[in-house]
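Working notes, structure below.
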Number of protein chains: 2
Amino acid sequence: MLLERFGRLLQSRGHELGLKPAQWEALRYLGRANRFSRTPSGLTAYLGSTKGTVSQTLIALEDKGLVRKKADRDDRRAVRLELTAAGRRALEADPLLELEASLDVLGRREEVALDQALTSVLAGHLERTGGRPFGLCRTCRYFEKNATDGGPHRCSLLEVKLSADDSEQICVEQEA
Amino acid sequence: MLLERFGRLLQSRGHELGLKPAQWEALRYLGRANRFSRTPSGLTAYLGSTKGTVSQTLIALEDKGLVRKKADRDDRRAVRLELTAAGRRALEADPLLELEASLDVLGRREEVALDQALTSVLAGHLERTGGRPFGLCRTCRYFEKNATDGGPHRCSLLEVKLSADDSEQICVEQEA
DNA sequence: CTTATTTTGTATCGAGTCGATACTACTTGA
DNA sequence: TCAAGTAGTATCGACTCGATACAAAATAAG
């Protein structure tokens, strides 16, 4: 199966620059996830992994100075994660970007077809396994565009204001 | 990138039945590779890994009784690998089969489009990294259909007869 | 025919993954 | 208030994986 070979390929590129595949994936997630989702448990859900494993990966990333942990004011159990400047620089050298460039051999049409096919297969699989889609905030059923209470947009699930940036990031809570 | 999420998904399913992702991939390879390719170095090239890592994986599979090693008569450095009966049974319970069934949400058309897109991206990547395609024997430039020297087919690279089964398996040496 | 040189595979190390289990600390809800 | 649930860490054992070093056999070059 080709998807399997791709997975292997992506993984073998994931050992560059002194990081491990799991660490790259955590970094990428933190670069794309909105503030509500940048927590160890958000990352755990995204990776389909376990709390213990993710905890170790984050310790490694913190030791390398790529990720910073901050206490959550409202929930003293929770930890907020953010990329450091070095973390953002690392993402700019992400080996995956190169593979992403390989998609250029495809025409626009084919690229869209590939994306749609993968999306629907993924959706089917997530449904069966109870995984979360992690879609864009603005495509969520709880997203209220141009809400009337000050902020540009609003989340009716968490009941908070959303910036334009927020709405372009992925979210643990997102539902179609 | 969706391909990345798929890779992660495939990997997290790879811990079932007491095997690890790398072990499953080795097992799958040995179930699909022709006799010339069922060696530690063939597997190494397929996985894009290193000899040392593959050696360890094979030891683990041998200990579990899923793979058997045999000496090569002609080349006393080489090791021939084959699945045991238990190894073949394990492949029948491969968790990947389930994910493969997820492709059924796609129509014929979309499935073909997906396959073509992945194939061309993969080919581009392999060319840049010097990887081998591991295509079917019968699609190889060295494949001689219905050769005249007894065997049904023939390989003009290795200069050996090929059975019908041989020609339907993947090969390290395959070239378009 | 001897040396290189290459090829095939194993052994070992250190950092890290990953599922499992156990545990602490905090929050929530009856 | 107190039991149940949630967020996260610590630790264990099996394994991965790149790197390095090594041994044995095959091949090439002189």
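Order of the sequence lines sets the chain letters (A, B, ...), proteins ahead of strands, with each chain counted from 1.
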A:Lys69 vs A:Ser12, nearer the 5' end of DNA chain D by closest nucleotide: A:Lys69
Along DNA chain D (nearest heavy atom to each residue), the more 5'-positioned of A:Arg77 and B:Gly48: A:Arg77
Apply the side chain to side chain contact (heavy atoms under 4.5 Å, CB included) test between B:Thr57 and each candidate in B:Glu62, B:Gln23, B:Lys20; give the one that qualifies. B:Gln23
Side-chain atoms of A:His15 come closest, of C:dA11, D:dC15, D:dC17, to D:dC17
Taking the side chain of A:Pro40 as heavy atoms from C-beta outward, which of D:dA26, C:dT27, D:dG8 is closest to it? D:dG8
Can you see if the side chain of [X] gets near the phosphate of [N] - specifically, an N or O under 4.0 Å from OP1 or OP2?
| X | N | value |
| --- | --- | --- |
| B:Thr57 | D:dT16 | yes |
| B:Ser41 | C:dG9 | yes |
| A:Ser49 | C:dG19 | yes |

Euclidean distance, atom [atom1] of residue [X] to atom [atom2] of [N] [Å, nearest integer]:
| X | N | atom1 | atom2 | value |
| --- | --- | --- | --- | --- |
| B:Leu43 | D:dT16 | CG | C1' | 13 Å |
| B:Leu58 | C:dT8 | CG | P | 15 Å |
| B:Leu47 | C:dG9 | CG | P | 14 Å |
| B:Asp74 | C:dT8 | CG | C1' | 15 Å |
| A:Ile59 | C:dT17 | CD1 | C1' | 13 Å |
| B:Trp24 | D:dA14 | CH2 | C1' | 17 Å |
| A:Leu19 | C:dG14 | CG | P | 21 Å |
| B:Gln23 | D:dC17 | CD | C1' | 13 Å |

Mind telling me whether B:Tyr46 and B:Tyr29 have parallel, tilted or perpendicular rings, with 30° and 60° as the class edges? tilted
Check ion pair A:Arg108-A:Glu111 (N to O, under 4.0 angstrom): yes
Do the non-hydrogen side-chain atoms of B:Glu25 and B:Leu47 ever get within less than 4.5 Å of each other? yes
With a 4.5 Å cut-off on side-chain heavy atoms, are A:Val79 and A:Lys70 touching? no
Describe the nucleic acid contact of [X] in one word from base, sugar-phosphate, nothing, applying a heavy-atom distance below 4.0 Å.
| X | result |
| --- | --- |
| A:Glu16 | nothing |
| B:Asp63 | nothing |
| B:Gln56 | base |
| A:Asp72 | nothing |
| B:Thr53 | base |
| A:Gln11 | sugar-phosphate |
| B:Arg8 | sugar-phosphate |

Comparing nearest nucleotides in DNA chain C, the 5'-proximal residue of the pair A:Ala22, A:Arg76 is A:Ala22
Find which nucleotide of DNA chain C each of A:Lys51 and A:Pro21 is nearest to by heavy atoms, and output the residue with the more 5' nucleotide. A:Pro21
Is there a donor-acceptor contact under 3.5 Å from the side chain of A:Thr84 to the main chain of A:Gly65? yes
